[in-house]
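In what follows, every heavy atom counts, from backbone to side chain, and hydrogens, waters and symmetry copies are set aside.
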Amino acid sequence: MPEEQMRSVPMMQSQHQTEEDNGFADPAANDMAEIAEQEAQPQPELTFDQKLDKLGYTVTRQPLDRELLYKTLVFCLEERPLNVIEQEMATYPEFASCTTNQYYLITKLVGAYGLELIEKDVDGNVVTPEQKVGLTEDEEDDLVASFHYKTTEVGRAFVEEYSPKARLVQMLQLNPERTETYVDVLEFVHAQPRTYAEIQKLLAGRPALQTVIDGHVETMQPSVFVDKLERAGALVWKEGWTLTEEGVEFLEEMKADE
């Protein structure tokens with residue numbers, strides 16, 4: 001299995017690749033056009049695994065949105081009202097680099113079977129489809145007082161499968177000879193936020209940077225380690241490279257097992 005994949009869920013490119021490389025010319029417009037085209041045609045019922053694949057594609061498609069979408073699924077394991085979710089998303093470090101608003105991302109997760117939309121009336125009761133039968137659009141708007149969201153069973157399966165810990169474990173299993181170097185980077189940025197130049201200096205000359213390509217020994221850039229740790233959900237840029245909460249937990253577990 002390629003290193004960039006978790007089962008059928010890719011870990012995608014680093015968020016620092018160009019917008020042109022990642023098709024970011026107008027992601028919201030492209031996605032909305034795709035959604036509109038899909039909704040215009042009858043959609044066959046998907047199997048659980050097909051829904052899981054669709055969710056995985058949606059979450060990992062745009063590197064800038066990846067961790068925001070994943071964290072939103074985690075946050076909504078408990079039912080949450082829309083405004084609370086939007087406020088929570090705005091606190092994530094990744095939100096500073098996001099190309100769209102919170103509601104758009106939430107809607108994407110609903111369309112990808114990751115979140116369930118729950119409509120409620122003014123008394124907090126769930127509004128059922130049967131209650132809307134025969135109502136005009138304005139009457140429906142009057143009936144629905146608030147929107148809530150909760151992670152679906154498909155979303156729960158994805159959260160477990162794509163957790164930072166699962167991604168980190170897979171990464172280390174694929175390249176066990178680099179485990180010590182990855183741990184050194186984690187410890188280095190855990191002490192305080194670090195610039196790329198500082199990480200580059202830390203890794204300079206290490207054997208772990210050597211790799212064989214087409215029979216020739218090549219030297220990788222230290223950025224490879226940063227990118228892979230970022231894609232695994234262990235690093236985040238916050239006035240310097242620093243550990244995510246999941247990165248801290250994983251590092252502590254690794255040190256406890258030594």
- Task: Would you check if E88 and T91 make a side-chain contact, meaning some heavy-atom pair closer than 4.5 Å?
- Result: yes

- Message: Do T72 and M89 make a side-chain contact, defined as non-hydrogen atoms from C-beta onward lying under 4.5 Å apart?
- Response: yes

- Between E187 and L251, the two heavy atoms sitting closest are CG-CD1, 3.6 Å

- Item | Closest non-hydrogen atom pair, E116 against T152 | N-CG2, 3.6 Å

- Less than 4.5 Å apart, any side-chain heavy atom of Y182 and any of M171? yes

- Query: Would a 4.5 Å heavy-atom cut-off, applied to side chains only, mark E246 and V236 as touching?
  - Reply: no

- Message: Set out, in order, the CA-CA distance, both residues' side-chain angles and the distance that settles side chain to side chain contact (heavy atoms under 4.5 Å, CB included) for L69 and F158, then state yes or no.
- Response: CA-CA 11 Å; L69 291 169; F158 180 79; over 6 Å; no

- Task: Any chance you could measure E180, atom CD, to R206, atom CZ, to the nearest 0.5 Å?
- Result: 7.0 Å

- Nearest atoms (heavy-atom pairs only) where P93 meets K71: CD-NZ, 4.3 Å

- Measure the shortest side-chain to side-chain distance between L168 and L229 over non-hydrogen atoms and say whether it is less than 4.5 angstrom. yes

- Item | Step-by-step salt bridge (Lys or Arg N to Asp or Glu O under 4.0 Å) determination, K132 to E137 | CA-CA 9 Å; K132 294 183 178 182; E137 185 174 336; over 6 Å; no

- Message: Atom OH of residue position Y103 - does it have more than 12 heavy atoms of other residues, nucleotides or ligands inside 6.0 Å?
- Response: no

- Message: Please determine whether side chain to side chain contact (heavy atoms under 4.5 Å, CB included) holds for the pair E161 and L52, giving the CA-CA distance in whole Å, both sets of side-chain angles, and the decisive distance to 0.1 Å.
- Response: CA-CA 10 Å; E161 180 177 293; L52 187 59; 4.0 Å; yes

- Item | Non-hydrogen atoms of F188 and E198 that approach each other most closely | CE2-O, 3.7 Å

- Message: When you compare the side chain of E252 with that of K255, does any pair of heavy atoms fall below 4.5 Å?
- Response: no

- Message: Using the rule given for side chain to side chain contact (heavy atoms under 4.5 Å, CB included), can you reason through L109 versus V59, listing the C-alpha separation, both sets of side-chain angles and the distance that settles it, and then say yes or no?
- Response: CA-CA 8 Å; L109 289 173; V59 172; 4.1 Å; yes

- Item | Between CG on residue L209 and OG1 on residue T181, distance to nearest 0.5 Å | 7.0 Å

- Item | Side-chain heavy atoms of T60 within contact of Y162, under 4.5 Å | yes

- Query: Within a strict 4.5 Å, meaning less than it, do heavy atoms of the Y70 and R167 side chains meet?
  - Reply: yes

- Item | Nearest-0.5 Å distance that lies between atom OH in Y196 and atom CD in Q221 | 5.0 Å

- Pair K165 + E160, salt bridge at N-O below 4.0 Å: no

- Side-chain donor/acceptor of T151 to backbone N/O of C76, under 3.5 Å: yes

- Candidate list R80, E79, E78, test side-chain contact (heavy atoms from CB on, under 4.5 Å), partner K150, passing option: E79

- Item | Which atom of A112 lies closest to which atom of T58, heavy atoms considered | CB-OG1, 3.4 Å

- Item | Donor-acceptor contact present, side-chain S97 to main-chain E94, <3.5 Å | no

- Quick one: pull up CD in E239 and CD in Q192 and give me the separation to the nearest 0.5 Å. 13.0 Å

- Query: Are M254 and L172 close enough, and set up right, to give a side chain to side chain contact (heavy atoms under 4.5 Å, CB included), and what steps lead you there?
  - Reply: CA-CA 11 Å; M254 290 288 292; L172 297 182; 4.0 Å; yes

- Task: Give a yes or no on whether E140 atom CD has more than 12 heavy-atom contacts from other residues, nucleotides or ligands under 6.0 Å away.
- Result: yes

- Message: Measuring from atom OG1 of T242 to atom CG of L235, what distance do you get when rounded to the nearest 0.5 angstrom?
- Response: 8.0 Å

- Query: What closest approach, in Å, do F95 and T100 show between heavy atoms, and which atom pair accounts for it?
  - Reply: CE1-O, 4.4 Å

- Between D121 (side chain) and D123 (backbone), is there a donor-acceptor pair under 3.5 Å? yes

- Message: Distance check, rounded to the nearest 0.5 Å: E86 atom CD versus Y149 atom OH?
- Response: 8.0 Å

- Query: Which ILVMFWY residues are connected to V126, directly or by a chain of links, through side-chain heavy atoms under 4.5 Å apart?
  - Reply: I118

- Task: Could you check whether the rings of W237 and W241 sit parallel, tilted or perpendicular, using 30° and 60° as the cut-offs?
- Result: perpendicular

